[in-house]
Trainee: 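Pasting a structure here, questions to come.
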Amino acid sequence: MLSRDYASAFIPHVDTFKSAIKSADSDLQSCGVIVLGNVGIEQPQRQDEFIDVIEHAVTDPDSEVQRGAAIALGKLPSSRSIQLLEQLAENSDPAVRKQATRELQQLKSELA
């Protein structure tokens, strides 16, 4: 939640959060992707870079990591985010599908 309200404070630590996504700890992975989504709002020029990293979380076997990816992608307005959210909206886990669908609807309305 801090990264949502104070994203600029996390900018110097982006590499740490990018590496957290490769952690074996799903809580760290989930938090890492969400932070990248929040920082992406502050640094739109780096959104493609962040989406590249978040994309790995989309196919992670842990549903909480996938749900975190959906939250993060919902903050990064791009056609690639929409494609990845559409993929998550077909997920077998109902919580992931619900989050992805919510983020997808919001993102599409922002881009319209």
Side-chain angles (χ1 to χ4, degrees):
M1 295 309 229
L2 283 173
S3 69
R4 181 191 66 204
D5 296 331
Y6 303 101
S8 60
F10 287 79
I11 292 171
H13 309 287
V14 162
D15 288 337
T16 301
F17 290 102
K18 286 168 67 175
S19 66
I21 295 169
K22 298 174 186 168
S23 168
D25 184 326
S26 61
D27 289 334
L28 282 176
Q29 290 175 301
S30 183
C31 289
V33 294
I34 291 170
V35 167
L36 290 181
N38 288 329
V39 171
I41 296 168
E42 295 287 323
Q43 295 203 305
Q45 73 279 11
R46 295 182 74 183
Q47 286 185 3
D48 288 337
E49 170 192 347
F50 296 156
I51 292 170
D52 286 343
V53 177
I54 295 166
E55 185 172 10
H56 296 288
V58 169
T59 58
D60 192 272
D62 189 292
S63 61
E64 281 304 307
V65 175
Q66 295 170 347
R67 191 173 158 283
I71 293 168
L73 290 166
K75 298 177 183 317
L76 304 173
S78 77
S79 59
R80 207 156 139 232
S81 290
I82 289 174
Q83 291 171 342
L84 292 169
L85 283 166
E86 287 172 341
Q87 181 180 337
L88 286 168
E90 300 294 323
N91 195 285
S92 61
D93 185 282
V96 174
R97 281 195 316 269
K98 182 178 180 179
Q99 188 70 51
T101 301
R102 179 181 308 138
E103 301 296 337
L104 190 56
Q105 289 171 343
Q106 183 175 332
L107 197 56
K108 283 183 175 180
S109 71
E110 289 174 14
L111 292 173

Trainee: Using the ring pair (Phe, Tyr, Trp, His ring centres under 6.0 Å) rule, collect all pairs that involve residues 17-41, keeping only residues at least two apart or in two chains.
Mentor: Phe10-Phe17
Trainee: Hey, what do you get for NZ (Lys98) to CG (Asn91), rounding to the nearest 0.5 Å?
Mentor: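 Output value for this atom pair is 14.5 Å.
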Trainee: As an exercise, state the distance from CD1 of Ile41 to CG of Leu76, rounded to the nearest 0.5 Å.
Mentor: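 It comes to 7.0 Å.
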Trainee: With salt bridge (Lys or Arg N to Asp or Glu O under 4.0 Å) as the rule and sequence neighbours excluded, what pairs involving residues 33-49 come up?
Mentor: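 The answer is Lys18-Glu49, Arg46-Glu49.
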Trainee: My understanding is that only residues two or more places apart in sequence, or in another chain, count here; which of them pass side chain to side chain donor-acceptor pair (under 3.5 Å) with Ser30?
Mentor: none
Trainee: Please report the closest heavy-atom contact between Pro12 and Ser8, naming both atoms and the distance.
Mentor: CD-O, 3.8 Å
Trainee: For the OG atom of Ser63 and the CG atom of Leu88, what is their distance to the nearest 0.5 Å?
Mentor: 11.0 Å
Trainee: Filter on salt bridge (Lys or Arg N to Asp or Glu O under 4.0 Å), then keep only pairs touching residues 26-37, sequence neighbours left out; what's left?
Mentor: none
Trainee: Side chains of Ser81 and Leu84: closer than 4.5 Å at any heavy-atom pair?
Mentor: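 Side chain of Ser81 against side chain of Leu84, heavy atoms only: no contact under 4.5 Å found.
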Trainee: Hydrophobic clustering (ILVMFWY, side-chain heavy atoms < 4.5 Å, transitive) - are Leu28 and Val39 grouped together?
Mentor: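 Different clusters: Val39 never reaches Leu28 through Ile, Leu, Val, Met, Phe, Trp or Tyr contacts under 4.5 Å.
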Trainee: For Ala95, check side-chain contact (heavy atoms from CB on, under 4.5 Å) against everything at least two apart and list the hits.
Mentor: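 Here the qualifying residues are Arg67, Asp93.
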Trainee: Where do Ser26 and Val65 come nearest, in terms of heavy atoms and distance?
Mentor: O-CG2, 3.6 Å
Trainee: Do any side-chain atoms of residues 101-112 form donor-acceptor pairs under 3.5 angstrom with protein atoms, and if so which ones, sequence neighbours left out?
Mentor:
unit_1 : atom_1 : unit_2 : atom_2 : d
Thr101 : OG1    : Arg97  : O      : 2.8
Arg102 : NH1    : Gln99  : OE1    : 3.4
Glu103 : OE2    : Gln99  : NE2    : 2.7
Gln106 : NE2    : Glu110 : OE2    : 3.3
Ser109 : OG     : Gln106 : O      : 2.8

Trainee: Quick one: which residue pairs count as a ring pair (Phe, Tyr, Trp, His ring centres under 6.0 Å) with a foot in residues 70-112, not counting sequence neighbours?
Mentor: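 Every pair satisfying ring pair (Phe, Tyr, Trp, His ring centres under 6.0 Å) with a residue in residues 70-112: there are none.
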Trainee: Drop me the distance from Leu73's CG to Leu36's CG, to the nearest 0.5 angstrom.
Mentor: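 Rounded to the nearest 0.5 Å, the CG-CG separation comes to 10.5 Å.
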Trainee: Anything under 3.5 Å between a donor and an acceptor, one on a side chain of residues 50-61, the other on a protein residue two or more places apart or in another chain? List them.
Mentor:
unit_1 : atom_1 : unit_2 : atom_2 : d
Asp52  : OD1    : Arg80  : NH1    : 2.9
Asp52  : OD1    : Arg80  : NH2    : 2.5
Glu55  : OE1    : Arg80  : NH2    : 2.9
Thr59  : OG1    : His56  : O      : 3.3
Asp60  : OD1    : Asp62  : N      : 2.8
Asp60  : OD2    : Gln29  : NE2    : 3.2

